[in-house]
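Everything below concerns the one structure shown next.
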Amino acid sequence: MFESPHSDHFPVPIAGPFYRVQCYEYCLICARSLWPWPLAKGTFMQITKFIAAAALCALASACGQSQTTDSQTPAPQTAPVTLYTGGPIYTALDDGPTVEAVAVADGKILAAGDLAQVSEAAGAGATMINLDGAAMYPGFTDSHVHLLGVGLRELTLNLEGTASIDDLAARVEAAVQGADKGAVIFGRGWIETGWPEGRMPTRDDLDPVSPDNPVILGRADGHALVVNSAALSAAGIGDDTPDPDGGVIERDSAGRATGILIDNAMGVAEGLVAAPDDAKKREAYKAASDVYTAYGWAGIHNVSVDPANLDMMETLSQLGILNIRVYNSVDKAGLAALEENGPRATANGRVLTNAMKLYMDGALGSRGALLTEPYSDRPETSGLLLMQQDEAAALFDRAINASVQVNTHAIGDEANRLLLNWYEDAFSQHPDKNDLRWRIEHAQILHTDDIARFGALGVIPSMQPSHAIGDYFFVPDRLGPDRLDGAYPWRSLIDAGAIIAGGSDAPVERGDPRIEFYGAVSRRGVNGYQDENWRPDEAVSRAEALKMFTLWPAYASFQEDRLGTIEPGKQADFTVFSADIMTIPEADILSVETVMTIVDGNVVYQRAAAQ
């Protein structure tokens, strides 16, 4: 079900100098066969050359020697070797979950095991790094993040941590005081969960502090805005403006627009916000990379990517400005280019693109998630369906024919059921394609009888533990008691044969791996709160949580052969925390510090030395 497809290799002739050229040609063929996606028409593309060159280097000595040799002495290391030891090192492997030491050379893991063996493999000239009690893990990967959004959050009005409607209004007032009259005020990150007012903000809360400046403030989930009267007027939205397909203009009991716009109703108001220019995007990508590597992330799965931004990301990676490993899932506008040209990859192998992101519904907090039965706290609505079956079927067929992975947002139980049905229909039309690894992003609320379908179909749930431990403060109100058994069912999905690609959905959430790991294993709020509605039995073990952020994201991006575990031959991506999150008390996980983040053997973040 979840097996690597890369097991069949082309034979390579091993006999004399005559076969050196033939050996290289076989390497190119093998590279094409091992890479799981189609290559550009008429060309091998950079990724083929990259893999082939690596294969040729590995086979060069064999191609010029006899096939039969009693013993072979490994060639001496020419690249500098770094040896890490002095703290617990977790491999994410079931067979050998910990080792004493790891040696790295030329961006790859040279050896992993007990200190004596690794020291011998590393050689006398190796540089030793003493972890000094810190704990090392395979590089943590956030399997669902909006990278540009994370960077822009750092550069714009950040409303994270807003404590009340009064606090929100005060932040807007301060922003208005520093802006020109009539300038648009844009911010993101508010969420009303836990506010003393117990409701979303409205235009009436914003108008007194900003009568002349249009104000547009995004809810943390990205599926709702609150805007003031000036913004409604500028956007041409009035009390009589009809709801667009897949969107809602919230109105009060008198039919007056409240300023809350949900999903597809947000578009006109968002058009008032100037799109970031290239300079701002470059600044944002750098900020996001710096923030994320400081958190301890070595890699990300970057979703809903505008294909127009791919060139910039790739260039920034090659220049060493974007230091994190990136697997891109473009929006549907990018499918045609992937069909025409095949997957994209940078020469350094750190930015890959061959997936498409789609949307089935909205978010639970703003009641846009599509439910089979109405919302318990608003029975006049069951949520929003954002994609129709005929559109989905056409996109799915194109993606399968082009070997493009499909990753679709679905949160409500009806959205997930429909999507599983549509995926299954698409799979049945292509029975020869048996390793698609399509994903459902979020998969938050499920019918309990749909849980086993994920493993059976080979569909990967991509889930964010912070959503559960944040949403559970309002989820019982939204769903009522009868639907909670299928809410965030991590344990049940794993027990039914699925793997979970763990992520954060930043900037919807903070994007902190400590919070995500803690949420997965504790199923408690960051304040420690939990009750029976939180379904404590759906928490996962620490070994499983480690895989959720290492091995399983590698599998979910077709990269398990080179990422996700600490073992010889894989890329040297590591996350080092100040304490061992596999053994310390749950609450202490939230306070560990990132000591180092390492990508391809390069230290891309290191904690400042204590003064």
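Just so we're clear, the structure is a prediction, and the values are computed from it rather than from any experiment.
Ion pairing between Arg607 and Glu593 holds under the 4.0 Å rule for side-chain N and carboxylate O. Salt-bridge formation is not detected for the pair Asp537/Arg535: no Lys NZ or Arg NE/NH1/NH2 atom is positioned less than 4.0 Å from an Asp or Glu carboxylate oxygen. At a threshold of 4.0 Å, the pair Lys280-Glu283 counts as salt-bridged, since one of the basic side-chain nitrogens sits closer than that to a carboxylate oxygen.
Within a 6.0 Å radius of CG in Asp167, more than 12 heavy atoms belonging to other residues, nucleotides or ligands are found. Summarising the local packing, CD of Glu120 is surrounded by 12 or fewer heavy atoms from other residues, nucleotides or ligands at distances under 6.0 Å.
A donor atom on one side chain and an acceptor atom on the other are not found under 3.5 Å apart for Glu100 and Thr85. Side-chain contact annotation: Asp142 with Tyr295, donor-acceptor N/O pair under 3.5 Å absent. Under 3.5 Å, the side chains of Glu516 and Ser466 contain a donor-acceptor pair of N or O atoms. In the model, Arg439 has a side-chain atom that pairs as donor or acceptor with a side-chain atom of His301 under 3.5 Å. Counting only N and O atoms by type, the side chains of Gln405 and Tyr327 include a donor and acceptor under 3.5 Å apart. Between the side chains of Asn323 and Tyr605, no donor-acceptor pair is found at a separation under 3.5 Å. Between Arg523 and Tyr472, the side chains place a donor N or O and an acceptor N or O closer than 3.5 Å (distance only, hydrogens not considered). Judged purely by distance below 3.5 Å, without hydrogens or angles, the side chains of Asp573 and Gln571 never pair a donor atom with an acceptor atom. Between the side chains of Thr346 and Asn348, at least one donor N or O sits under 3.5 Å from an acceptor N or O.
Under the ring pair (Phe, Tyr, Trp, His ring centres under 6.0 Å) criterion, His409 pairs with His223, Tyr359, His442, sequence neighbours left out.
Contact check for Leu148 versus Asn302: no side-chain heavy atoms found under the 4.5 Å cut-off. In this structure, Asn309 and Tyr285 have side chains that are in contact, with non-hydrogen atoms separated by less than 4.5 Å. In this structure, Leu493 and Met463 have side chains that are in contact, with non-hydrogen atoms separated by less than 4.5 Å. Looking only at side-chain heavy atoms (C-beta outward), Arg171 and Leu159 come within less than 4.5 Å of each other. Using a 4.5 Å heavy-atom cutoff, the side chains of Leu152 and Pro276 are in contact. Proximity of Met360 to Glu441: side-chain heavy atoms (C-beta onward) are nowhere separated by under 4.5 Å.
Atom CZ of residue Arg282 and atom OG1 of residue Thr315 lie 9.5 Å apart, to the nearest 0.5 angstrom. Taken from NZ in Lys547 to OG1 in Thr565, the straight-line distance is 10.5 Å, to the nearest 0.5 Å.
In this structure a side-chain-to-backbone donor-acceptor pair under 3.5 Å is present from Trp195 to Thr162. Side chain of Ser143 to backbone of Gly502: a donor-acceptor contact under 3.5 angstrom is found.
Applying the side-chain contact (heavy atoms from CB on, under 4.5 Å) test between Glu314 and each of Val326, Val351, Asn328 identifies Val351 as the sole match.
The aromatic ring centroids of Tyr137 and Phe549 lie 6.0 Å or more from each other. Under the 6.0 Å cut-off for aromatic ring centres, Phe577 and Phe517 do not qualify, their centroids lying 6.0 Å or more apart. Less than 6.0 angstrom separates the ring centroid of Trp534 from the ring centroid of Phe473.
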